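Since the structure is predicted, the reported quantities are computational estimates derived from the model, not experimental observations. All chains are named by letter (A, B, ...) in the order of the sequence lines, taking the proteins before the strands, and each is independently numbered beginning at 1. We use all heavy atoms of the structure for the numbers below, so side chains are in, but hydrogens, waters and symmetry mates are not.
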Number of protein chains: 2
Amino acid sequence: MSFPDALNVLKSRSLPALVQEELERMIIDGRLLPGEPLREVALSALLGVSRGPIREAFRGLEEKGLVTVVKNCGVHVRTLDVDEADQIYEVRAVLEGMIGAKAAREIGPEGCGELRALIASMEEAVSGSDINRYTALNFHLHDRLAALAGNRKLHETYNRLVSELALFRRQTYVHNEASLALSLEEHKAIVSAVCTGDAERAAALLQAHTRDSRSRMHQVLDPADPIARSANTRSPE
Amino acid sequence: MSFPDALNVLKSRSLPALVQEELERMIIDGRLLPGEPLREVALSALLGVSRGPIREAFRGLEEKGLVTVVKNCGVHVRTLDVDEADQIYEVRAVLEGMIGAKAAREIGPEGCGELRALIASMEEAVSGSDINRYTALNFHLHDRLAALAGNRKLHETYNRLVSELALFRRQTYVHNEASLALSLEEHKAIVSAVCTGDAERAAALLQAHTRDSRSRMHQVLDPADPIARSANTRSPE
DNA sequence: GTATTGCATATTGTTGACAATCTTCTTGTG
DNA sequence: CACAAGAAGATTGTCAACAATATGCAATAC
(Lines give C-alpha, C1' and ligand atoms only; values in the text may rest on other atoms or scores of the structure.)
Protein backbone atom coordinates (compact mmCIF):
# COMPACT_ATOMS: atom_id res chain seq x y z
CA MET A 1 0.00 0.00 0.00
CA SER A 2 1.32 3.40 -0.99
CA PHE A 3 1.68 6.18 1.52
CA PRO A 4 -1.24 8.21 0.08
CA ASP A 5 -3.44 5.13 0.26
CA ALA A 6 -2.39 4.36 3.81
CA LEU A 7 -2.97 7.96 4.81
CA ASN A 8 -6.39 7.88 3.24
CA VAL A 9 -7.32 4.77 5.17
CA LEU A 10 -6.06 6.24 8.40
CA LYS A 11 -8.03 9.47 7.93
CA SER A 12 -11.30 7.97 6.89
CA ARG A 13 -11.62 4.58 8.49
CA SER A 14 -12.36 4.12 12.14
CA LEU A 15 -11.57 0.98 14.08
CA PRO A 16 -15.22 -0.07 14.43
CA ALA A 17 -15.70 0.17 10.68
CA LEU A 18 -12.59 -1.89 9.96
CA VAL A 19 -13.51 -4.48 12.55
CA GLN A 20 -17.04 -4.77 11.16
CA GLU A 21 -15.77 -5.33 7.65
CA GLU A 22 -13.26 -7.95 8.74
CA LEU A 23 -15.83 -9.85 10.79
CA GLU A 24 -18.27 -9.70 7.90
CA ARG A 25 -15.67 -11.17 5.58
CA MET A 26 -14.96 -13.91 8.09
CA ILE A 27 -18.65 -14.73 8.26
CA ILE A 28 -19.32 -14.64 4.53
CA ASP A 29 -16.30 -16.73 3.57
CA GLY A 30 -16.94 -19.31 6.27
CA ARG A 31 -14.12 -18.63 8.70
CA LEU A 32 -16.84 -17.92 11.24
CA LEU A 33 -19.72 -20.36 11.18
CA PRO A 34 -23.40 -19.91 12.11
CA GLY A 35 -23.93 -20.36 15.83
CA GLU A 36 -20.30 -19.64 16.61
CA PRO A 37 -19.74 -17.23 19.53
CA LEU A 38 -17.84 -13.99 18.99
CA ARG A 39 -15.88 -13.24 22.15
CA GLU A 40 -15.04 -9.61 22.75
CA VAL A 41 -11.89 -10.31 24.72
CA ALA A 42 -10.56 -12.89 22.28
CA LEU A 43 -11.27 -10.67 19.28
CA SER A 44 -9.72 -7.74 21.09
CA ALA A 45 -6.49 -9.75 21.44
CA LEU A 46 -6.71 -11.16 17.90
CA LEU A 47 -7.34 -7.83 16.17
CA GLY A 48 -5.22 -5.72 18.51
CA VAL A 49 -7.91 -3.20 19.48
CA SER A 50 -9.81 -2.53 22.64
CA ARG A 51 -13.30 -3.89 23.27
CA GLY A 52 -15.13 -0.65 22.57
CA PRO A 53 -14.70 -0.67 18.79
CA ILE A 54 -15.54 -4.37 18.74
CA ARG A 55 -18.79 -3.73 20.56
CA GLU A 56 -19.61 -0.99 18.08
CA ALA A 57 -18.90 -3.34 15.15
CA PHE A 58 -21.20 -5.91 16.70
CA ARG A 59 -24.08 -3.43 16.60
CA GLY A 60 -23.55 -2.82 12.91
CA LEU A 61 -23.39 -6.54 12.19
CA GLU A 62 -26.52 -7.13 14.25
CA GLU A 63 -28.45 -4.58 12.26
CA LYS A 64 -27.15 -6.20 9.11
CA GLY A 65 -28.67 -9.47 10.24
CA LEU A 66 -25.40 -11.39 10.41
CA VAL A 67 -25.12 -11.82 14.18
CA THR A 68 -27.41 -12.01 17.19
CA VAL A 69 -26.62 -9.93 20.26
CA VAL A 70 -28.18 -11.15 23.53
CA LYS A 71 -27.69 -9.01 26.62
CA ASN A 72 -25.25 -10.52 29.10
CA CYS A 73 -24.90 -13.65 27.01
CA GLY A 74 -22.77 -12.52 24.12
CA VAL A 75 -22.81 -12.39 20.36
CA HIS A 76 -23.14 -15.31 17.96
CA VAL A 77 -23.05 -15.64 14.22
CA ARG A 78 -26.70 -15.91 13.35
CA THR A 79 -28.17 -19.22 12.32
CA LEU A 80 -30.76 -19.22 9.61
CA ASP A 81 -33.41 -21.90 9.49
CA VAL A 82 -34.94 -23.31 6.35
CA ASP A 83 -38.14 -21.30 6.78
CA GLU A 84 -36.28 -18.05 6.79
CA ALA A 85 -34.13 -19.15 3.87
CA ASP A 86 -37.32 -19.94 1.97
CA GLN A 87 -38.66 -16.50 2.72
CA ILE A 88 -35.46 -14.86 1.55
CA TYR A 89 -35.54 -16.86 -1.67
CA GLU A 90 -39.11 -15.81 -2.29
CA VAL A 91 -38.28 -12.13 -1.99
CA ARG A 92 -35.04 -12.59 -3.87
CA ALA A 93 -36.84 -14.13 -6.82
CA VAL A 94 -39.01 -11.04 -7.20
CA LEU A 95 -35.99 -8.77 -6.94
CA GLU A 96 -34.06 -10.91 -9.44
CA GLY A 97 -36.93 -10.48 -11.88
CA MET A 98 -36.71 -6.74 -11.42
CA ILE A 99 -32.94 -6.83 -11.85
CA GLY A 100 -33.18 -8.85 -15.04
CA ALA A 101 -35.77 -6.57 -16.58
CA LYS A 102 -33.99 -3.36 -15.68
CA ALA A 103 -30.55 -4.61 -16.68
CA ALA A 104 -31.91 -5.68 -20.06
CA ARG A 105 -33.41 -2.24 -20.58
CA GLU A 106 -30.48 -0.17 -19.30
CA ILE A 107 -27.40 -2.05 -20.33
CA GLY A 108 -24.90 -0.66 -22.82
CA PRO A 109 -22.03 -2.22 -24.80
CA GLU A 110 -19.56 -1.86 -21.91
CA GLY A 111 -21.86 -3.67 -19.53
CA CYS A 112 -22.40 -6.47 -22.02
CA GLY A 113 -18.69 -6.78 -22.62
CA GLU A 114 -18.19 -7.12 -18.91
CA LEU A 115 -20.83 -9.80 -18.50
CA ARG A 116 -19.52 -11.76 -21.48
CA ALA A 117 -16.00 -11.62 -20.06
CA LEU A 118 -17.34 -13.04 -16.81
CA ILE A 119 -19.04 -15.85 -18.72
CA ALA A 120 -15.77 -16.60 -20.49
CA SER A 121 -14.00 -16.84 -17.15
CA MET A 122 -16.73 -19.10 -15.87
CA GLU A 123 -16.23 -21.34 -18.91
CA GLU A 124 -12.56 -21.65 -18.04
CA ALA A 125 -13.43 -22.52 -14.46
CA VAL A 126 -15.83 -25.24 -15.61
CA SER A 127 -13.22 -26.62 -18.06
CA GLY A 128 -10.70 -26.81 -15.24
CA SER A 129 -13.28 -28.16 -12.77
CA ASP A 130 -12.33 -25.28 -10.49
CA ILE A 131 -15.39 -25.18 -8.27
CA ASN A 132 -14.14 -22.44 -5.95
CA ARG A 133 -13.33 -20.15 -8.81
CA TYR A 134 -16.66 -20.81 -10.47
CA THR A 135 -18.46 -20.00 -7.23
CA ALA A 136 -16.69 -16.69 -6.86
CA LEU A 137 -17.37 -15.75 -10.48
CA ASN A 138 -21.00 -16.81 -10.10
CA PHE A 139 -21.43 -14.47 -7.18
CA HIS A 140 -19.65 -11.69 -9.03
CA LEU A 141 -21.86 -12.07 -12.09
CA HIS A 142 -25.03 -11.74 -10.05
CA ASP A 143 -23.62 -8.73 -8.24
CA ARG A 144 -22.73 -7.04 -11.49
CA LEU A 145 -26.18 -7.70 -12.91
CA ALA A 146 -27.73 -6.07 -9.86
CA ALA A 147 -25.43 -3.07 -10.26
CA LEU A 148 -26.13 -2.78 -13.99
CA ALA A 149 -29.84 -2.61 -13.27
CA GLY A 150 -29.10 1.01 -12.42
CA ASN A 151 -30.92 1.35 -9.12
CA ARG A 152 -28.60 1.51 -6.12
CA LYS A 153 -31.32 0.81 -3.57
CA LEU A 154 -32.25 -2.30 -5.51
CA HIS A 155 -28.62 -3.39 -5.50
CA GLU A 156 -28.29 -2.76 -1.76
CA THR A 157 -31.55 -4.51 -0.95
CA TYR A 158 -30.52 -7.49 -3.02
CA ASN A 159 -27.07 -7.63 -1.43
CA ARG A 160 -28.51 -7.57 2.05
CA LEU A 161 -30.64 -10.60 1.38
CA VAL A 162 -27.81 -12.42 -0.35
CA SER A 163 -25.50 -11.76 2.61
CA GLU A 164 -28.04 -13.24 4.97
CA LEU A 165 -28.45 -16.24 2.69
CA ALA A 166 -24.71 -16.78 2.94
CA LEU A 167 -25.37 -17.82 6.53
CA PHE A 168 -27.33 -20.72 5.20
CA ARG A 169 -26.17 -21.54 1.73
CA ARG A 170 -22.72 -22.64 2.74
CA GLN A 171 -24.30 -25.65 4.39
CA THR A 172 -26.28 -26.59 1.33
CA TYR A 173 -24.10 -25.58 -1.59
CA VAL A 174 -23.28 -28.89 -3.15
CA HIS A 175 -22.28 -29.41 -6.75
CA ASN A 176 -20.38 -31.54 -9.20
CA GLU A 177 -19.13 -31.17 -12.75
CA ALA A 178 -22.46 -31.94 -14.38
CA SER A 179 -24.30 -29.38 -12.30
CA LEU A 180 -21.59 -26.79 -12.94
CA ALA A 181 -22.05 -27.21 -16.68
CA LEU A 182 -25.78 -26.81 -16.31
CA SER A 183 -25.36 -23.73 -14.16
CA LEU A 184 -23.08 -22.24 -16.79
CA GLU A 185 -25.69 -22.78 -19.51
CA GLU A 186 -28.28 -21.01 -17.42
CA HIS A 187 -25.99 -18.07 -16.84
CA LYS A 188 -25.24 -17.87 -20.54
CA ALA A 189 -28.92 -17.71 -21.34
CA ILE A 190 -29.43 -14.99 -18.75
CA VAL A 191 -26.58 -12.86 -20.12
CA SER A 192 -27.82 -13.42 -23.65
CA ALA A 193 -31.31 -12.21 -22.77
CA VAL A 194 -29.94 -9.17 -20.94
CA CYS A 195 -27.56 -8.21 -23.77
CA THR A 196 -30.23 -8.52 -26.45
CA GLY A 197 -32.51 -6.30 -24.39
CA ASP A 198 -35.15 -8.96 -23.86
CA ALA A 199 -36.41 -7.72 -20.50
CA GLU A 200 -39.19 -10.25 -20.07
CA ARG A 201 -36.99 -13.22 -20.86
CA ALA A 202 -34.16 -11.98 -18.65
CA ALA A 203 -36.59 -11.51 -15.76
CA ALA A 204 -38.13 -14.94 -16.25
CA LEU A 205 -34.75 -16.68 -16.52
CA LEU A 206 -33.39 -15.04 -13.36
CA GLN A 207 -36.54 -15.88 -11.43
CA ALA A 208 -36.43 -19.49 -12.58
CA HIS A 209 -32.75 -19.58 -11.68
CA THR A 210 -33.54 -18.42 -8.15
CA ARG A 211 -36.36 -20.91 -7.77
CA ASP A 212 -34.01 -23.68 -8.91
CA SER A 213 -31.52 -22.64 -6.32
CA ARG A 214 -34.17 -22.82 -3.66
CA SER A 215 -35.33 -26.24 -4.82
CA ARG A 216 -31.81 -27.50 -4.77
CA MET A 217 -31.39 -26.30 -1.22
CA HIS A 218 -34.37 -28.41 -0.25
CA GLN A 219 -32.99 -31.40 -2.10
CA VAL A 220 -29.77 -31.29 -0.13
CA LEU A 221 -31.68 -30.98 3.13
CA ASP A 222 -34.32 -33.57 2.44
CA PRO A 223 -34.52 -35.44 -0.89
CA ALA A 224 -38.14 -36.40 -0.16
CA ASP A 225 -39.22 -32.79 0.30
CA PRO A 226 -41.81 -31.77 -2.34
CA ILE A 227 -40.05 -28.52 -3.10
CA ALA A 228 -36.84 -30.44 -3.70
CA ARG A 229 -38.51 -32.70 -6.26
CA SER A 230 -38.74 -29.86 -8.72
CA ALA A 231 -34.96 -29.63 -8.84
CA ASN A 232 -34.26 -32.95 -10.53
CA THR A 233 -31.59 -32.03 -12.96
CA ARG A 234 -31.34 -28.35 -12.45
CA SER A 235 -28.34 -26.22 -11.57
CA PRO A 236 -26.92 -26.30 -8.03
CA GLU A 237 -27.74 -22.82 -6.93
CA MET B 1 -45.62 -0.10 33.43
CA SER B 2 -46.13 -3.05 35.78
CA PHE B 3 -43.30 -4.46 37.78
CA PRO B 4 -43.05 -7.69 35.73
CA ASP B 5 -42.90 -5.59 32.55
CA ALA B 6 -40.24 -3.34 33.98
CA LEU B 7 -38.24 -6.32 35.14
CA ASN B 8 -38.51 -7.87 31.72
CA VAL B 9 -37.21 -4.72 30.07
CA LEU B 10 -34.34 -4.51 32.50
CA LYS B 11 -33.29 -8.10 31.91
CA SER B 12 -33.52 -8.16 28.17
CA ARG B 13 -32.84 -4.67 26.92
CA SER B 14 -29.42 -3.11 26.89
CA LEU B 15 -28.79 0.63 26.88
CA PRO B 16 -27.56 0.70 23.28
CA ALA B 17 -30.72 -1.04 22.11
CA LEU B 18 -32.95 1.38 24.01
CA VAL B 19 -31.01 4.37 22.79
CA GLN B 20 -31.18 3.15 19.20
CA GLU B 21 -34.93 2.70 19.35
CA GLU B 22 -35.49 6.11 20.90
CA LEU B 23 -33.32 7.85 18.35
CA GLU B 24 -35.06 6.00 15.56
CA ARG B 25 -38.44 7.16 16.85
CA MET B 26 -37.15 10.70 17.05
CA ILE B 27 -35.99 10.49 13.44
CA ILE B 28 -39.12 8.84 12.07
CA ASP B 29 -41.55 11.17 13.80
CA GLY B 30 -39.62 14.30 12.88
CA ARG B 31 -38.17 15.33 16.20
CA LEU B 32 -34.78 14.92 14.56
CA LEU B 33 -34.55 16.28 11.04
CA PRO B 34 -32.38 15.23 8.09
CA GLY B 35 -28.96 16.86 8.27
CA GLU B 36 -29.26 17.49 11.98
CA PRO B 37 -26.15 16.57 14.01
CA LEU B 38 -26.39 14.01 16.80
CA ARG B 39 -23.95 15.02 19.55
CA GLU B 40 -22.71 12.25 21.78
CA VAL B 41 -22.15 14.47 24.79
CA ALA B 42 -25.51 16.23 24.51
CA LEU B 43 -27.37 12.95 24.03
CA SER B 44 -25.47 11.44 26.90
CA ALA B 45 -26.75 14.22 29.16
CA LEU B 46 -30.25 14.11 27.67
CA LEU B 47 -30.71 10.37 27.96
CA GLY B 48 -28.73 9.91 31.15
CA VAL B 49 -26.27 7.32 29.87
CA SER B 50 -22.58 7.37 29.07
CA ARG B 51 -21.26 7.88 25.58
CA GLY B 52 -20.39 4.23 24.98
CA PRO B 53 -23.94 2.97 24.52
CA ILE B 54 -24.72 5.99 22.37
CA ARG B 55 -21.83 5.22 20.08
CA GLU B 56 -23.06 1.64 19.82
CA ALA B 57 -26.56 2.85 18.94
CA PHE B 58 -25.11 5.07 16.24
CA ARG B 59 -23.57 2.04 14.54
CA GLY B 60 -26.90 0.29 14.42
CA LEU B 61 -28.63 3.38 13.04
CA GLU B 62 -25.89 3.80 10.47
CA GLU B 63 -26.34 0.27 9.21
CA LYS B 64 -30.07 0.91 9.09
CA GLY B 65 -29.45 3.82 6.77
CA LEU B 66 -30.90 6.48 9.05
CA VAL B 67 -27.70 8.34 9.97
CA THR B 68 -24.29 9.00 8.48
CA VAL B 69 -21.19 8.51 10.65
CA VAL B 70 -18.07 10.37 9.54
CA LYS B 71 -14.85 9.75 11.45
CA ASN B 72 -13.85 12.66 13.67
CA CYS B 73 -16.69 14.77 12.33
CA GLY B 74 -19.70 13.27 14.03
CA VAL B 75 -23.05 11.77 13.22
CA HIS B 76 -25.90 13.38 11.30
CA VAL B 77 -29.40 12.31 10.44
CA ARG B 78 -29.07 11.22 6.85
CA THR B 79 -30.40 13.39 4.07
CA LEU B 80 -32.02 11.70 1.14
CA ASP B 81 -32.02 13.32 -2.27
CA VAL B 82 -34.76 12.99 -4.84
CA ASP B 83 -32.77 10.47 -6.92
CA GLU B 84 -32.48 8.10 -4.02
CA ALA B 85 -36.12 8.60 -3.10
CA ASP B 86 -37.04 7.71 -6.67
CA GLN B 87 -34.98 4.56 -6.47
CA ILE B 88 -36.61 3.56 -3.22
CA TYR B 89 -40.06 4.12 -4.69
CA GLU B 90 -39.17 1.99 -7.66
CA VAL B 91 -38.16 -0.95 -5.49
CA ARG B 92 -41.02 -0.34 -3.12
CA ALA B 93 -43.55 -0.55 -5.94
CA VAL B 94 -42.34 -4.04 -6.83
CA LEU B 95 -42.45 -5.13 -3.20
CA GLU B 96 -45.93 -3.62 -2.77
CA GLY B 97 -47.08 -5.69 -5.72
CA MET B 98 -45.72 -8.78 -4.05
CA ILE B 99 -47.33 -7.81 -0.74
CA GLY B 100 -50.71 -7.26 -2.38
CA ALA B 101 -50.63 -10.58 -4.22
CA LYS B 102 -49.49 -12.59 -1.22
CA ALA B 103 -51.86 -10.89 1.23
CA ALA B 104 -54.78 -11.56 -1.10
CA ARG B 105 -53.81 -15.23 -1.28
CA GLU B 106 -53.00 -15.79 2.39
CA ILE B 107 -55.46 -13.63 4.27
CA GLY B 108 -58.13 -15.09 6.54
CA PRO B 109 -61.25 -13.64 8.15
CA GLU B 110 -59.34 -12.21 11.11
CA GLY B 111 -56.96 -10.36 8.86
CA CYS B 112 -59.82 -8.94 6.81
CA GLY B 113 -61.60 -7.87 9.94
CA GLU B 114 -58.51 -6.06 11.05
CA LEU B 115 -58.04 -4.26 7.75
CA ARG B 116 -61.68 -3.26 7.59
CA ALA B 117 -61.49 -1.89 11.12
CA LEU B 118 -58.52 0.20 10.08
CA ILE B 119 -60.47 1.51 7.09
CA ALA B 120 -63.35 2.43 9.41
CA SER B 121 -60.94 4.35 11.63
CA MET B 122 -59.54 6.09 8.58
CA GLU B 123 -63.05 7.09 7.57
CA GLU B 124 -63.52 8.72 10.96
CA ALA B 125 -60.25 10.56 10.61
CA VAL B 126 -61.29 11.88 7.20
CA SER B 127 -64.70 12.93 8.54
CA GLY B 128 -63.01 14.81 11.35
CA SER B 129 -60.32 16.22 9.01
CA ASP B 130 -57.78 14.76 11.41
CA ILE B 131 -54.75 14.64 9.13
CA ASN B 132 -52.31 13.41 11.74
CA ARG B 133 -54.52 10.55 12.75
CA TYR B 134 -55.14 9.62 9.14
CA THR B 135 -51.42 9.58 8.48
CA ALA B 136 -50.72 7.26 11.38
CA LEU B 137 -53.53 4.91 10.34
CA ASN B 138 -52.33 5.00 6.76
CA PHE B 139 -48.89 3.86 7.83
CA HIS B 140 -50.38 1.22 10.09
CA LEU B 141 -52.55 -0.17 7.30
CA HIS B 142 -49.59 -0.61 4.98
CA ASP B 143 -47.57 -2.22 7.73
CA ARG B 144 -50.34 -4.68 8.50
CA LEU B 145 -50.70 -5.56 4.85
CA ALA B 146 -46.99 -6.32 4.67
CA ALA B 147 -47.26 -8.47 7.77
CA LEU B 148 -50.33 -10.30 6.46
CA ALA B 149 -48.42 -11.23 3.32
CA GLY B 150 -46.91 -13.93 5.50
CA ASN B 151 -43.23 -13.50 4.66
CA ARG B 152 -41.23 -11.90 7.44
CA LYS B 153 -38.24 -11.10 5.25
CA LEU B 154 -40.56 -9.31 2.86
CA HIS B 155 -42.01 -7.32 5.74
CA GLU B 156 -38.56 -6.42 7.07
CA THR B 157 -37.27 -5.48 3.63
CA TYR B 158 -40.30 -3.30 3.02
CA ASN B 159 -40.00 -1.65 6.44
CA ARG B 160 -36.37 -0.80 5.89
CA LEU B 161 -37.15 1.04 2.68
CA VAL B 162 -40.13 2.81 4.23
CA SER B 163 -38.01 3.94 7.18
CA GLU B 164 -35.47 5.42 4.83
CA LEU B 165 -38.22 7.13 2.87
CA ALA B 166 -39.36 8.74 6.10
CA LEU B 167 -36.17 10.79 5.89
CA PHE B 168 -37.56 12.35 2.77
CA ARG B 169 -41.30 12.13 2.81
CA ARG B 170 -41.75 14.42 5.73
CA GLN B 171 -40.56 17.26 3.51
CA THR B 172 -42.97 16.45 0.76
CA TYR B 173 -46.03 15.07 2.51
CA VAL B 174 -48.63 17.65 1.69
CA HIS B 175 -52.35 17.10 1.61
CA ASN B 176 -55.77 18.58 2.09
CA GLU B 177 -59.27 17.26 2.61
CA ALA B 178 -59.91 16.44 -1.01
CA SER B 179 -56.74 14.42 -1.34
CA LEU B 180 -57.47 12.64 1.95
CA ALA B 181 -60.82 11.51 0.61
CA LEU B 182 -59.19 10.24 -2.55
CA SER B 183 -56.52 8.43 -0.59
CA LEU B 184 -59.22 6.77 1.48
CA GLU B 185 -61.00 5.53 -1.65
CA GLU B 186 -57.79 4.01 -2.91
CA HIS B 187 -57.18 2.24 0.38
CA LYS B 188 -60.74 0.91 0.35
CA ALA B 189 -60.22 -0.54 -3.09
CA ILE B 190 -56.97 -2.16 -2.01
CA VAL B 191 -58.53 -3.75 1.07
CA SER B 192 -61.49 -4.90 -0.99
CA ALA B 193 -59.24 -6.62 -3.53
CA VAL B 194 -57.19 -8.26 -0.77
CA CYS B 195 -60.24 -9.48 1.14
CA THR B 196 -61.89 -10.94 -1.95
CA GLY B 197 -58.67 -12.80 -2.77
CA ASP B 198 -58.09 -10.94 -6.03
CA ALA B 199 -54.30 -11.15 -6.00
CA GLU B 200 -53.73 -9.52 -9.36
CA ARG B 201 -55.98 -6.58 -8.64
CA ALA B 202 -54.52 -6.08 -5.15
CA ALA B 203 -51.01 -6.10 -6.59
CA ALA B 204 -51.92 -3.68 -9.35
CA LEU B 205 -53.71 -1.29 -7.00
CA LEU B 206 -50.85 -1.21 -4.51
CA GLN B 207 -48.32 -0.62 -7.26
CA ALA B 208 -50.38 2.20 -8.72
CA HIS B 209 -50.77 3.63 -5.24
CA THR B 210 -47.00 3.68 -4.80
CA ARG B 211 -46.45 5.25 -8.18
CA ASP B 212 -48.99 7.95 -7.33
CA SER B 213 -47.16 8.66 -4.13
CA ARG B 214 -43.96 9.07 -6.05
CA SER B 215 -45.55 11.37 -8.59
CA ARG B 216 -46.98 13.48 -5.87
CA MET B 217 -43.57 13.84 -4.32
CA HIS B 218 -42.32 15.25 -7.57
CA GLN B 219 -45.25 17.62 -7.83
CA VAL B 220 -44.49 19.12 -4.46
CA LEU B 221 -40.83 19.52 -5.41
CA ASP B 222 -41.34 20.85 -8.88
CA PRO B 223 -44.79 21.24 -10.45
CA ALA B 224 -43.23 21.36 -13.92
CA ASP B 225 -41.49 18.02 -13.46
CA PRO B 226 -42.76 15.46 -16.01
CA ILE B 227 -43.14 12.77 -13.36
CA ALA B 228 -45.23 15.14 -11.28
CA ARG B 229 -47.63 15.75 -14.16
CA SER B 230 -49.03 12.26 -13.85
CA ALA B 231 -50.26 13.06 -10.33
CA ASN B 232 -52.90 15.61 -11.24
CA THR B 233 -55.71 14.61 -8.97
CA ARG B 234 -54.30 11.58 -7.29
CA SER B 235 -53.90 10.84 -3.61
CA PRO B 236 -51.13 12.56 -1.63
CA GLU B 237 -48.93 9.64 -0.86
C1' DG C 1 -8.47 44.91 4.07
C1' DT C 2 -7.12 40.13 3.46
C1' DA C 3 -4.70 35.96 4.43
C1' DT C 4 -2.23 33.16 7.59
C1' DT C 5 -1.04 31.34 11.99
C1' DG C 6 -1.79 30.10 16.64
C1' DC C 7 -4.66 29.03 20.43
C1' DA C 8 -8.81 27.63 22.81
C1' DT C 9 -12.82 24.98 22.81
C1' DA C 10 -15.84 21.32 21.48
C1' DT C 11 -16.18 16.90 20.05
C1' DT C 12 -14.87 12.32 18.70
C1' DG C 13 -12.04 7.86 19.23
C1' DT C 14 -10.10 4.64 22.15
C1' DT C 15 -8.67 2.52 26.30
C1' DG C 16 -8.73 0.51 30.79
C1' DA C 17 -11.16 -0.02 35.13
C1' DC C 18 -15.01 -1.41 37.72
C1' DA C 19 -19.56 -3.46 38.31
C1' DA C 20 -22.90 -6.84 36.94
C1' DT C 21 -24.21 -11.24 35.11
C1' DC C 22 -23.72 -15.85 33.55
C1' DT C 23 -21.44 -20.30 33.49
C1' DT C 24 -18.72 -23.78 35.44
C1' DC C 25 -16.60 -26.06 39.11
C1' DT C 26 -16.18 -27.39 43.92
C1' DT C 27 -17.94 -28.51 48.32
C1' DG C 28 -21.40 -29.93 51.58
C1' DT C 29 -25.52 -32.49 52.82
C1' DG C 30 -28.91 -36.10 52.71
C1' DC D 1 -24.25 -41.35 44.78
C1' DA D 2 -27.19 -37.37 43.64
C1' DC D 3 -28.49 -32.84 44.31
C1' DA D 4 -28.15 -28.17 46.02
C1' DA D 5 -25.54 -24.26 47.39
C1' DG D 6 -21.64 -21.47 47.16
C1' DA D 7 -17.42 -19.91 45.09
C1' DA D 8 -14.52 -18.99 41.28
C1' DG D 9 -13.79 -17.75 36.72
C1' DA D 10 -15.22 -15.92 32.29
C1' DT D 11 -17.58 -12.59 30.02
C1' DT D 12 -20.46 -8.63 29.18
C1' DG D 13 -22.13 -3.71 30.19
C1' DT D 14 -21.05 0.75 31.38
C1' DC D 15 -18.38 4.52 32.76
C1' DA D 16 -14.76 7.97 33.02
C1' DA D 17 -10.28 9.41 31.61
C1' DC D 18 -7.04 10.53 28.23
C1' DA D 19 -5.57 11.28 23.47
C1' DA D 20 -6.65 12.83 18.89
C1' DT D 21 -9.04 15.77 15.70
C1' DA D 22 -11.91 19.46 13.85
C1' DT D 23 -13.79 24.02 14.25
C1' DG D 24 -13.99 28.75 15.43
C1' DC D 25 -11.95 32.94 16.94
C1' DA D 26 -8.31 36.19 17.77
C1' DA D 27 -3.84 38.00 16.71
C1' DT D 28 -0.34 38.98 13.44
C1' DA D 29 1.75 39.85 8.99
C1' DC D 30 1.51 41.59 4.38
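Although no hydrogens or angles enter the test, the distance criterion places a donor-acceptor pair under 3.5 Å between the side chain of S44(A) and the main chain of V49(A).
Nearest-nucleotide assignment on DNA chain C puts the 5′-proximal partner with V49(A), out of K71(A) and V49(A). Map C73(A) and G74(B) each onto its nearest nucleotide of DNA chain C; the residue landing nearer the 5' end is G74(B).
For the residue pair Y134(B) and H187(B), a side-chain donor N or O sits within less than 3.5 Å of a side-chain acceptor on the partner. In summary, the side chains of E63(B) and Q20(A) do present a donor paired with an acceptor at a separation below 3.5 Å, with no hydrogens or angles considered.
In this structure, L15(A) atom CG and dG16(C) atom P are separated by 12 Å, rounded to whole Å. If you take NE2 of H76(B) and P of dT11(C), they are 11 Å apart, rounded to a whole angstrom. Note: CD (E56(B)) to C1' (dT12(C)) measures 16 Å, nearest angstrom. Counting to the nearest Å, the P atom of dA17(D) and the CZ atom of R51(B) are 12 Å from each other. Residue R13(A) contributes atom CZ, which lies 19 Å from atom P of dT12(C) at whole-angstrom precision. Between the CD1 atom of I54(B) and the P atom of dT12(C) there is a distance of 10 Å, rounded to whole Å. If you take CD of E40(B) and P of dC15(D), they are 13 Å apart, rounded to a whole angstrom. Atom C1' of nucleotide dG13(D) and atom CZ of R59(A) are separated by 9 Å, given to the nearest angstrom.
Across all strands shown, L38(B) has heavy atoms under 4.0 Å from sugar-phosphate atoms exclusively, and none from any base. Across all strands, G52(A) comes closer than 4.0 Å to base atoms (heavy-atom distances).
Note on R39(A): a side-chain N or O is less than 4.0 Å away from OP1 or OP2 of dT12(D). For dT12(D), the OP1/OP2 oxygens have no side-chain nitrogen or oxygen of R55(A) closer than 4.0 Å. Distances shorter than 4.0 Å separate none of the side-chain N or O atoms of S50(B) from OP1 or OP2 on dT14(D).
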| task | Apply the test side chain to side chain contact (heavy atoms under 4.5 Å, CB included) to residues E40(A) and F58(A): give CA-CA distance (whole Å), side-chain angles for both, the deciding distance (0.1 Å), then the verdict. | result | CA-CA 9 Å; E40(A) 295 177 13; F58(A) 283 165; 3.7 Å; yes

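One finds no salt bridge joining R160(B) and E164(B) here, because no Lys/Arg side-chain nitrogen approaches an Asp/Glu carboxylate oxygen to under 4.0 Å.
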